[in-house]
Amino acid sequence: MEYNPQSIEKKWNRIWRDSKAFRTDIDLSKPKYYVLDMFPYPSGTGLHVGHPLGYIASDIFARYKRAQGFNVLHPMGFDAFGLPAEQYAIETGQHPATTTATNIAKFRSQLDNIGFCYDWDREIRTSDPAYYKWTQWIFLQIYNSWYDHDLGKARPISELLEMFENSGTQNLSEQNRRGYIFPPLTWSEYLVEEKEKCLMDFRLSYLAEAEVNWCEALGTVLANDEVINGLSERGGHPVIKKRMRQWFLRITDYADRLLEGLQQLDWSDAMKEMQRNWIGKSVGAEVKFSIVDSEDTIDVFTTRPDTIFGASFMVLAPEHELLAKITTAEQKAEVEKYQEFVQTRSERERLAEVKSITGCFTGAYALNPLNGARIPIWISEYVLAGYGTGAIMAVPAGDQRDFLFARKFNLPVPAIFEGVDVSEEAYAAKSGKLINSDFLNGVEIPKAIEMAVDKLVAIEAGKKKIQFRMRDAGFSRQRYWGEPFPIIYKNGTPYPLSENDLPLELPVVDSYNPSGDGEGPLATLDNWMNEIAGAKRESSTMPGYAGSSWYFLRYADPNNSETFASKQATDYWNQVDLYIGGTEHAVGHLLYSRLWTKILYDLGYISFQEPFKKLVNQGMITGNSRFVYRVNGTNEFVSFALKDKYETTPIHVDVALCEGLELDINAFKAWRAEYHDATFILEEGKYVCGSQVEKMSKRLFNTVNPDDVVQKYGADTFRLYEMFLGPLEQSKPWDTQGIEGVSRFLKKLWRLFVPQVTIDLSDGEPELAAMQILHKTIRKVTEDTERMSFNTVVSQFMICVNELSAMKCNNRQVLQDLLVILGPFAPNISAELWEISGGKGDYLAAKWPAWDEKYLFSAEISIPVAINGKTRVQLSFPAQTDAKSMETTALANEQVQKWLEGNTPKKVIVVPGRMINIVL
RNA sequence: GCCGAAGUGGCGGAAUGGUAGACGCGCUGGAUUCAAAAUCCUGUAUGGGCAACUGUGUGAGGGUUCGAGUCCCUCCUUCGGUACCA
């Protein structure tokens, strides 16, 4: 009986599917554990070997936790709304729902091939009306809430309304008032439209006219995190700023809580840091400058109020609203010319020419609030309208950009730092003392910052201010393939649909093209848009992150038609204990999920504030591309080593046409018509390809389909090999070089049970040596699985099987214990061997074995130790035999002996040849 | 520029501050075979030596330590993220 992975895996796949072996239900008698993968977007190209890396890791962990007695929730679904399906629809006219369903079927079959233990009864598709009904419902909850800064939480908008009716704004703090001041009487006199307009400034999802990232090529608005260097993340099209009426999520209200919440999360420092940077909290002061010959004042935000005596000019953003009023007649023409110049430049041009300095004087002067100095007011595009107040006080001695600007326009650079030469560059460090700064002279910078703020507050020219880089998140997309907004407009005022009208299903359209006037395809459907008498529907749809911002909650109770998930279910399954996915979602999905979770928590729908307790980012598996070298102007291809003798062009060739680096010439000729008559210059009778590590992509012909690997080696080998490749979090190129080793390991394991033709196991007392290797393995596998170091686990399995083979161990108990711990990694072969070796009971219910220390150590002594007041002490056996090491060891021993006199011994374990750890 | 992570054999990679290079690939030589595949055994960082043995070695240079791949400082390189954010 040979090891035949294909038939074994088919068998167990069927058995587990038919018996719904991985179905999970609430079980209060067991502790729960929730393991989640970032669900995939079902693209048309299917999975390549890079995708399952994280899924395999989470699957191993889920099975491991299950074997340890946890009730494990391990679901999978599809993030099915999105741009590519719609783009494909525009090209082919096929409904996105159709192509999405086809793609999902393909994904599903690829996933099934790898033998995951998902509870498919809990599958979710974000494009399913039964699902997006609740996306729309949550949107309405967000819409119907406002953020109470005094309580630090979201509250129903109805409570605010009640306050307005009873007491106007008088019981609201300044921060909660959002600039509104009115008595209750006035509120009652407001027209409905006026009331709605006011409430809109409070709602957590709101409509606003704002500069948005508009992508002409895609015909839609994009969120900040979907724009990279002025180009769209998807497709790389240019993005411009455009003013449009859009839906936004008031995520900035949650900035502080999103920042604080990071502290308790078990995420990588890199990931937390990315979120912190994105939120971009800066503590500083807002300072009010009066303007010469004007009633107006200019507020600036600065993190360095201490440097105010070094402010030699002021810079406003070119879009600053005060410009029209303060610009002098002489400068008017020049300022307008500059504004025009800035306006015509796209975001991309601005970013590309970051280092060039442009600007223009307004003719106006401001007064330094502390010493009354006249400060010229300039404008420049390096000051952004969207950050802070859109105005800065420029301190060339303390800020490099201000310094360069001063140098370019010959503005003074006052020295304000003791012993610092600012003739060549600014001094931005926050240490040292100030000079030429009045009452701050000789004061250390951190102290001076405080003193400056205090002074500004005292003379009512400034206040402490915390500024965030993060803006509110755009929530409208002028697209078809997304969730429709449950909103209608009457006379331009938005009103939510009733909950009973949900889901608002996507209507059928004839064309998926944008309507052309800045609205999405839905705007072309007159019947649908005007379905409700006297009202108009919202024509945009929600962005891709809407459905994925809460899907982890739905898995807890996926078929509930009464609510998005019952409280009982979310209370039981609670937070995701382990979340595995790529780093590309660092600021998008992961931030929005945290926001939605916090809002739902504030509104009392769930009882936790953070969705993902522990996050692990698997590394990307990169592709290993192959190149052939065509001699220029011919259809002749030259082998790698000889290519430098010719003028050649490298061409990507499909990795599937190569065995290692060698090209299968016949397959290559058959690949494309144009290569049919190709000729080759070979080296040693072979055509050797060039190679390069690149991102895995269909376009580069370097993708490898997991189906092919599974077909050739089996799913168990595939799973083990992906884990064996290297540390989970590290990026690594796909390379099949080593897969044979893993395959050999499984064959060897098989032969332990089935050495010849029949199975041969003994029930006798296991040898000590076998028990030692088994328990060493149990310990290593348990500890390394716990810290998700799966590559070392695989190594340990290999060592174990090698040693058991060498000692010809055929003890049933030893081998079956081995199967239990191998199970999460290679479930099929483990189940099969469990069965043919007469394993007791359901294999999936087998309990994870504990290691027994008596097999791990060959010596035991009983001493407890503490030296120098520490509770832990290290004693080393003299691994190094130099005089100094021996001396230290002797000294430590002496102290141990001394301590022993008069203390009660406790057990301590000694590993010969290694060191011992003695813990009290 | 700033923020993170990482630099170890021919390759992928192991090493709670304690014998660096586990495990796998590749390569050596051998067993088995008519032969091959498969399987098993040997060796495999590097310099010197027939050998026992010995010198040197974890990007570079300093430091802490009885002891550093691991901790600290400076620098170099690579990879990720991010940027006129005041």
Side-chain angles (χ1 to χ4, degrees), chain A residues 2 228-229 268-278 280-282 284-285 300-304 307 315 317 350-351 353-358 380-384 386-395 398-402 404-405 428 467-471 583-584 586-587 617 619-620 622 660 720-721 724-727 729-745 747-748 751 780 783-784 789 791-800 802 805-806 872 874-892 913-917:
Chain A
E2 286 279 307
I228 295 160
N229 285 331
S268 71
D269 289 336
M271 198 52 74
K272 289 188 189 178
E273 198 57 29
M274 276 188 235
Q275 293 221 340
R276 282 192 200 107
N277 288 341
W278 186 260
K281 179 177 184 172
S282 351
V300 304
F301 174 70
T302 178
T303 54
R304 295 291 303 276
T307 63
V315 187
R350 274 177 80 152
L351 287 169
E353 297 169 28
V354 141
K355 290 288 164 273
S356 70
I357 300 156
T358 62
S380 173
E381 59 178 335
Y382 86 85
V383 174
L384 306 176
Y387 182 75
T389 59
I392 62 159
M393 63 175 206
V395 183
D399 183 290
Q400 188 63 16
R401 291 156 303 169
D402 297 347
L404 292 172
F405 193 84
Q467 185 66 47
F468 293 97
R469 195 189 80 108
M470 183 171 65
R471 325 279 166 80
T583 47
E584 66 272 19
V587 287
N617 301 111
M620 198 177 15
T622 45
L720 282 167
Y721 184 58
F724 187 61
L725 224 40
E729 311 205 8
Q730 194 174 299
S731 284
K732 51 235 159 188
W734 177 256
D735 178 1
T736 43
Q737 293 268 301
I739 199 167
E740 293 287 348
V742 174
S743 177
R744 264 172 224 156
F745 153 70
K747 287 180 194 161
K748 210 177 225 180
R751 282 198 303 274
K780 177 88 174 154
E783 287 177 351
D784 286 0
S789 171
N791 55 333
T792 54
V793 170
V794 179
S795 290
Q796 183 60 42
F797 279 128
M798 290 177 174
I799 295 170
C800 179
N802 273 341
S805 299
R872 170 184 282 232
Q874 290 191 341
L875 277 194
S876 70
F877 281 79
Q880 272 111 38
T881 50
D882 58 293
K884 210 60 163 133
S885 291
M886 298 297 281
E887 194 186 309
T888 316
T889 307
L891 194 74
R914 305 284 296 184
M915 11 173 309
I916 52 175
N917 255 344

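Each chain gets a letter, A, B and so on, in the order the sequences are listed, and its residues count up from 1. This one's a predicted model, so the numbers in the text were calculated from it and none came from an experiment. These numbers come from the heavy atoms of this one structure, side chains and all, not from hydrogens, waters or symmetry mates.
- Smallest separation of non-hydrogen atoms from Gln796(A) and Lys780(A): CG-CG, 3.5 Å.
- Between rU33(B) and rC50(B), the distance separating the two C1' atoms is 35 Å to the nearest Å.
- Look at the C1' atom in both rC53(B) and rG7(B): the space between them is 33 Å, to the nearest Å.
- Between rU82(B), rG81(B), rA86(B), one nucleotide has an atom nearer to the side chain of Met274(A) than all others, and that is rG81(B).
- Straight-line distance between the C1' atoms of rU70(B) and rA14(B): roughly 13 Å, to the nearest whole Å.
- With rounding to whole Å, Leu720(A) atom CG is found 17 Å from rC23(B) atom P.
- One C1' atom belongs to rG10(B), the other to rC72(B), and the distance between them is 34 Å to the nearest Å.
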Between the protein and nucleotides 3-12 of chain B, list the N/O to N/O atom pairs that are separated by less than 3.5 angstrom.
residue: rG12(B); atom: O2'; partner: Leu725(A); partner atom: O; Å: 2.7

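- Panel note: side chain Ser731(A), backbone Met620(A); a donor-acceptor pair is recorded below 3.5 Å.
- Looking at Lys732(A), its side chain does come within 3.5 Å of a backbone N or O of Pro727(A) through a donor-acceptor pair.
- rC76(B) and rA51(B) are spaced 42 Å apart, taking the C1' atom of each and rounding to whole Å.
- Once rounded to the nearest 0.5 Å, the distance linking OG1 of Thr389(A) with CD of Gln467(A) reads 8.0 Å.
- When all heavy atoms are compared, the tightest approach of Phe301(A) to Ser282(A) is CZ-O, 3.7 Å.
- For the atom pair Asp402(A) CG and Ile392(A) CD1, the distance stands at 4.0 Å (nearest 0.5 Å).
- One interatomic measurement links the two molecules: CZ of Phe405(A) to C1' of rC84(B), which rounds to 12 Å at whole-angstrom precision.
- Between Leu404(A) and Arg401(A) the shortest side-chain heavy-atom distance does not fall below 4.5 Å.
- Between rG1(B) and Arg401(A), no contact under 4.0 Å exists linking OP1 or OP2 to a side-chain N or O.
- The separation between Arg471(A) atom CZ and rA83(B) atom P is 10 Å, rounded to whole Å.
- Between Lys747(A) atom NZ and rU39(B) atom P there is a gap of 5 Å when expressed in whole angstrom units.
- A distance of about 15 Å separates the C1' atoms of rU74(B) and rU64(B), rounded to the whole Å.
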Set out, line by line, the N/O atom pairs under 3.5 Å between protein and nucleotides 40-45 of chain B.
residue: rC40(B); atom: OP1; partner: Lys748(A); partner atom: NZ; Å: 3.4
residue: rC40(B); atom: OP1; partner: Arg751(A); partner atom: NH2; Å: 3.4

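- If you measure from atom CH2 of Trp278(A) to atom P of rU82(B), you get 7 Å, rounded to the nearest angstrom.
- Thr358(A) OG1 to Phe405(A) CZ: the interatomic distance, rounded to the nearest 0.5 Å, is 7.5 Å.
- Ranked by how close their nearest RNA chain B nucleotide is to the 5' end, Gly390(A) and Met798(A) are led by Met798(A).
- Between the P atoms of rU77(B) and rG59(B), the separation comes to 16 Å (whole Å).
- Here rG80(B) presents its C1' atom at 9 Å from CE of Met620(A), a figure rounded to the nearest Å.
- Checking rA14(B), rU82(B), rC84(B) against every side-chain atom of Tyr382(A), the shortest atom distance belongs to rC84(B).
- Here the OH atom belonging to Tyr387(A) is positioned 12.0 Å from the CE atom belonging to Met470(A), to the nearest 0.5 angstrom.
- Along RNA chain B, the nucleotide nearest Thr792(A) and the nucleotide nearest Val742(A) are compared for position; the residue whose nucleotide lies closer to the 5' end is Thr792(A).
- Summarising the geometry, the separation between CZ on Arg469(A) and C1' on rC84(B) is reported as 12 Å, rounded to the nearest angstrom.
- Distance OH (Tyr721(A)) to P (rG13(B)): 10 Å, rounded to an integer number of Å.
- Among rC85(B), rG13(B), rA86(B), the nucleotide with an atom closest to any side-chain atom of Thr302(A) is rA86(B).
- Spacing of C1' atoms, rC34(B) relative to rG43(B), comes out at 29 Å, to the nearest Å.
- In this structure, Glu273(A) and Asn277(A) have side chains that are in contact, with non-hydrogen atoms separated by less than 4.5 Å.
- Checking side-chain atoms of Ser268(A) against main-chain N and O of Met271(A) turns up a donor-acceptor pair under 3.5 Å.
- For rG9(B), the O4'-C1' to base torsion is within 90° of 0; the nucleotide is therefore syn.
- For the pair Tyr721(A) and Val794(A), the minimum side-chain heavy-atom distance is 4.5 Å or more.
- Residue Thr583(A) is out of contact with every strand shown, counting any heavy-atom pair closer than 4.0 Å.
- Helical stems involving RNA chain B, defined as 3 or more consecutive Watson-Crick or G-U pairs under 3.5 Å, span B:1-7 with B:76-82, B:10-12 with B:23-25, B:29-31 with B:39-41, B:45-48 with B:53-56, B:59-63 with B:71-75.
- Separation of atoms CZ (Phe745(A)) and SG (Cys800(A)) is listed at 8.0 Å; rounding is to 0.5 Å.
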